Amino acid sequence: MATKIGRNDPCWCGSGRKYKTCHAAFDDKLAKLAAEHHRVPTRDLIKTPEQVEKIKESAKINVAVLDEIAKTVHEGMSLAAIDKLVYDMTTDMGGIPAPLNYEGYPYSVCTSVNDQVCHGFPLENRILKSGDIVNVDCSTILDGYFSDSSRMFMIGEVSEEKKRLVQVTKECVELGLKEVKPWGFLGDMGQAVHDHAYENGYTVVREIGGHGVGVEFHEEPWVGYHTKRGTDMVLAPGLMFTIEPMVNMGKVDIFVDEENDWEVYTADHQPSAQWEVQVLVTEDGYEVISW
């Protein structure tokens with residue numbers, strides 16, 4: 001059973017103030033912002049220190065699995081081999097692959113290659129070849145807590161155009177992270193991601209974005225990248241979400257495979273790239289939880 005913070009204990013936020021005083025000040029600030037017609041997070045979205053520590057334990061598995069994939073992914077490897085690696089390593093470390101059987105998804109990981117935007121199936125007959133770029137999206141449950149992140153991998157001799165797409169997409173995430181500031185706005189991050197992608201001649205998928213995460217696999221807020229500074233949800237300390245823009249080399253349009261209703265592709269079959277980090281808003285900035 002979880003232990004509540006006592007009224008005379010120091011507050012979880014690290015301010016040094018007593019919990020009762022800090023708790024009231026936090027709520028007053030949210031109420032003031034709401035009165036100014038800003039979108040504020042509900043209390044259940046604000047992670048407690050105990051929850052953050054549990055989520056970090058989940059993230060240790062998630063990061064370790066992605067680190068292992070980085071060491072082993074290679075030309076000639078089947079996507080099914082990646083799926084098996086994720087399942088075996090996650091369960092050996094005491095976790096559960098979060099995608100497995102989630103809303104009917106039949107695999108432990110998403111592997112999206114070239115023009116696949118996201119939710120690519122790790123099939124046995126899909127073999128990585130030189131020139132491919134692949135996103136491996138890994139999510140873990142440990143003791144009921146969730147972590148989620150993804151990385152891009154370049155296989156063999158990759159064209160300069162694809163290399164640049166992968167690099168700029170990573171830069172989008174890094175620039176977005178710089179905009180994660182306590183009492184700022186989610187739209188600040190979204191615009192930074194959007195502007196960098198479009199300044200480099202790319203587009204950012206509109207229909208699919210990031211999400212709150214930690215206590216559930218997908219929580220509020222939904223995280224888009226076609227937002228404006230000063231808009232969207234207030235970044236209150238304790239809020240946790242993913243930054244995972246899907247950046248297309250060509251046009252913004254996408255479609256979903258009609259046969260499996262999962263795999264998403266670019267409509268013009270140009271390559272797409274995605275990096276994903278899980279981030280916690282703190283009293284003095286942010287902390288990357290999973291990467």
Side-chain angles (χ1 to χ4, degrees), residues 1-59 144-149 173 175-195 208-245 276-290:
M1 182 179 292
T3 302
K4 293 182 180 178
I5 299 175
R7 290 178 178 271
N8 292 319
D9 293 336
C11 183
W12 65 268
C13 74
S15 65
R17 290 177 287 178
K18 299 300 182 183
Y19 176 70
K20 184 177 179 181
T21 303
C22 190
H23 184 90
F26 185 93
D27 287 344
D28 287 347
K29 191 158 191 173
L30 285 180
K32 181 176 183 295
L33 288 163
E36 295 171 356
H37 306 292
H38 294 296
R39 183 183 171 208
V40 300
T42 54
R43 258 287 170 183
D44 62 305
L45 296 180
I46 303 302
K47 305 299 184 286
T48 67
E50 292 87 354
Q51 289 173 332
V52 170
E53 289 309 307
K54 292 287 189 179
I55 296 165
K56 285 181 176 179
E57 290 302 309
S58 173
Y145 292 89
F146 293 78
S147 53
D148 189 8
S149 54
V173 174
L175 290 169
L177 274 171
K178 290 181 180 179
E179 298 297 330
V180 177
K181 301 170 185 176
W183 306 110
F185 297 93
L186 196 57
D188 301 348
M189 181 281 299
Q191 183 167 356
V193 169
H194 175 279
D195 289 355
I208 309 171
H211 52 90
V213 64
V215 177
E216 301 289 344
F217 195 178
H218 295 95
E219 307 172 13
E220 291 294 325
W222 186 81
V223 180
Y225 312 98
H226 290 260
T227 51
K228 297 294 184 183
R229 293 184 182 278
T231 68
D232 214 332
M233 186 173 281
V234 171
L235 298 177
L239 187 67
M240 186 181 290
F241 56 93
T242 65
I243 302 176
E244 49 177 312
E276 177 184 10
V277 297
Q278 180 175 348
V279 60
L280 170 71
V281 184
T282 66
E283 281 288 323
D284 57 3
Y286 65 86
E287 182 179 359
V288 176
I289 302 297
S290 187

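Small disclaimer: the values here were computed from a predicted structure and weren't measured. Below, each value reflects all heavy atoms present in this structure, side chains not excepted, and no hydrogens, waters or symmetry copies.
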Checklist entry - Roughly how far, to the nearest 0.5 Å, is the CG atom of D44 from the CD atom of E219? => result 8.0 Å
Item to check | Minimum heavy-atom distance between P41 and V234, given as atom pair plus value | outcome: CD-O, 3.6 Å
Next on the checklist: Please give me the minimum heavy-atom distance between L177 and V279, naming the atom from each residue.
Outcome noted: CD2-CG2, 3.8 Å
Checklist entry - When you measure from the side chain of Q278 to the backbone N and O of I289, does any donor-acceptor pair fall under 3.5 Å? => result no
Checklist entry - Out of E53, Q51, E216, K56, which one pairs with Y145 under the side-chain contact (heavy atoms from CB on, under 4.5 Å) rule? => result Q51
Checklist entry - Between OG1 of T227 and CD of Q191, what distance do you get to the nearest 0.5 Å? => result 7.0 Å
Checklist entry - Closest approach of G210 and T242, non-hydrogen atoms and distance? => result CA-OG1, 3.2 Å
Checklist entry - Are D148 and S290 side-chain neighbours, meaning at least one heavy-atom pair lies under 4.5 Å? => result no
Next on the checklist: Rounded at 0.5 Å granularity, tell me how far CZ in F146 sits from NE2 in H218.
Outcome noted: 9.5 Å
Checklist entry - Could you give the distance from CZ (F26) to CD1 (I46), rounded to the nearest 0.5 Å? => result 4.0 Å
Checklist outcome for this item: dist Y286:OH -> E179:CD (nearest 0.5 Å) comes out at 10.5 Å
Checklist outcome for this item: Closest non-hydrogen atoms of E276 and S149, given as atom of the first, atom of the second and distance, are O-CB, 3.3 Å
Checklist entry - How close do V281 and P182 get, heavy atom to heavy atom, and via which atoms? => result CG1-CA, 3.9 Å
Checklist outcome for this item: Applying salt bridge (charged side-chain N to carboxylate O under 4.0 Å, His left out) to K54 and not counting sequence neighbours gives none
Item to check | Side-chain heavy-atom pair M233, L45 within 4.5 angstrom cut-off | outcome: yes
Checklist entry - Under 3.5 Å, is there a donor-acceptor pair between the side chain of H211 and the main chain of F217? => result yes
Checklist entry - Between atom CG of D188 and atom NZ of K181, what is the distance when rounded to the nearest 0.5 Å? => result 7.5 Å
Checklist entry - Does the side chain of I243 reach to within under 4.5 Å of the side chain of Y225, using non-hydrogen atoms? => result yes
Checklist entry - Mind checking whether W222 and F241 have ring centres under 6.0 Å apart? => result no
Item to check | V193/L175 under side chain to side chain contact (heavy atoms under 4.5 Å, CB included): CA gap, chis, key distance, verdict | outcome: CA-CA 7 Å; V193 169; L175 290 169; over 6 Å; no
Next on the checklist: Please find the pair of heavy atoms, one from V40 and one from A34, that lie closest to each other, and give the distance.
Outcome noted: CG1-N, 3.9 Å
Item to check | Test log, rule side chain to side chain contact (heavy atoms under 4.5 Å, CB included), inputs M189 and V223 | outcome: CA-CA 9 Å; M189 181 281 299; V223 180; 3.3 Å; yes
